[in-house]
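Only one structure is covered here, and it is reproduced in the block below.
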Amino acid sequence: MEIPYTYKARPDTGLYNAKVGIWLFLASEIMLFGALFSSYILLRVQAPDGVWPEMRLGWPHGLLNIPIGTFNTVVLISSSVTVVMAWASLKMGKIAAFRRYMILTLMCAFGFLGVKSYEYNEKFTHYELRLKNGEVHTGHLEVNGKHPGFWSFADIWNLDRLTKEKVAEVQFTADPPKPKAGEAHAAEAGHEHVAKAIKRDEISRLEAFIPRNHNFFAIYFTITALHGLHVFVGALVMAYFAFPGSRMWRTNPEQFTNRIEVVGLFWHFVDLVWIFLFPVVYLL
Amino acid sequence: MSLKAFHVVFLAASIMLMLILSGWCFSNYRDGGTTQDLVWSGVALASAVGLVVYTRYFLKKLRHISYL
């Protein structure tokens, strides 16, 4: 027995099976991201604004790179335009144009992931240093003459690791002070980017900007990594349809066009999540 | 809801985001920010206008496709 409405729309609803399926799936995704968004917003509104660099007293506002986040937003909006153009090209019977638009979408998807990886790397190599005399700094660390890079979590330093590996002294380049409202960037201009030697015995806490450092980083990495995973899976599916999967166009163009519409719906959902994520995480 | 309808919803959200970003940059400028903040506010506003123009073009181009 043949399953009905696999690609022809059901006359009374105007929908084919896959479209019902993807909307049910997206409804479950809305619940997943909705729970995380609610958690983020509740944590954010209940915490006072952190007094940088004393992040523990409140919410560490302003630690994310807004120009990079804006660039990634533009990249994702562009990818939504190209994916819808790919679908429209199939509707008009233009398979070559479809493939061109899909390649552009893939470039946007992997561009987004590349920029996000850079942002993650920046955070994993950025440290909060707390001294026994009460001073707190954020900045970059140098251990045994090397700036620690990030390839795995084993590369991250903390006070326990300094003690274990018998590192007596580290070099620390503190971030410039953040200008207060009305001060423009005068405080930043007078700051010298000079590494200062700090003895291990003077340190009371050393922690990178990783999830365990602060609630902000925990939820930031959880939401953005989950979103990034969705971007990656979406890109893999689109790559399949742009190349080997496009053979279906020759045998059943209507079903192939429907599949691209379903992929496009998923991709729009992923982009829409980012449209909400960007102002909440970067600007709020 | 078809991809066409979802794309329109997405564009509406993107236009809203660009307006929010423009307002955010402008409020930074007003609170003692630099000229750069004012420029970014203008760029975000221009992007919102660009997205409105694109939405009109998109709806015109795909007028024969259903919203369902």
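Just so we're on the same page: letters track the sequence lines, and every chain starts at 1.
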Quiz item: Counting only heavy atoms not in M107(A), do more than 12 fall under 6.0 Å of its CE?
Solution: no

Self-check item: Heavy-atom contact with chain A under 4.5 Å, split by part of M18(B)
Solution: side chain

Quiz prompt | Contacting region of F278(A) [heavy-atom separation from chain B under 4.5 Å] | solution = side chain

Self-check item: Portion of V262(A) that has a non-hydrogen atom of chain B nearer than 4.5 angstrom
Solution: neither

Quiz item: Do I66(A) and W24(B) touch side chain to side chain, with heavy atoms closer than 4.5 Å?
Solution: yes

Exercise. Decide yes or no for T70(A) and W40(B): does some side-chain heavy atom of the first lie under 4.5 Å from some side-chain heavy atom of the second?
Key: no

Exercise. Assess whether atom CZ of F37(A) is packed by more than 12 heavy atoms of other residues, nucleotides or ligands within 6.0 Å.
Key: yes

Practice problem: Taking all non-hydrogen atoms of both residues into account, name the closest pair between V84(A) and F58(B) and its distance. | Solution: CG1-CE1, 3.7 Å

Quiz item: Within a radius of less than 6.0 Å around CE of M1(B), do more than 12 heavy atoms belonging to other residues, nucleotides or ligands occur?
Solution: yes

Self-check item: Heavy-atom contact with chain A under 4.5 Å, split by part of K4(B)
Solution: both

Exercise. Output the option from D271(A), T73(A), V74(A), I275(A) having the highest count of non-hydrogen pairs under 4.5 Å with chain B.
Key: I275(A)

Quiz item: Where on T13(A) is there a heavy atom nearer than 4.5 Å to chain B: the side chain, the backbone, both, or neither?
Solution: backbone

Practice problem: Just say parallel, tilted or perpendicular for the rings of F6(B) and H268(A), cut-offs at 30° and 60°. | Solution: tilted

Exercise. Mind checking the NZ-NZ spacing from K61(B) to K91(A)? Nearest 0.5 Å is all I need.
Key: 14.0 Å

Practice problem: Hey, could you give me the OH/CG distance between Y282(A) and L21(B), rounded to the nearest 0.5 Å? | Solution: 12.5 Å

Self-check item: Interface residues of residues 43-55 of chain B facing chain A - heavy atom cut-off under 4.5 Å
Solution: L51(B), Y54(B)

Quiz item: Do L3(B) and W267(A) come within less than 4.5 Å of each other through their side chains, counting heavy atoms only?
Solution: no

Self-check item: Inter-residue atom distance L15(A).CG - S2(B).OG, 0.5 Å rounding
Solution: 10.0 Å

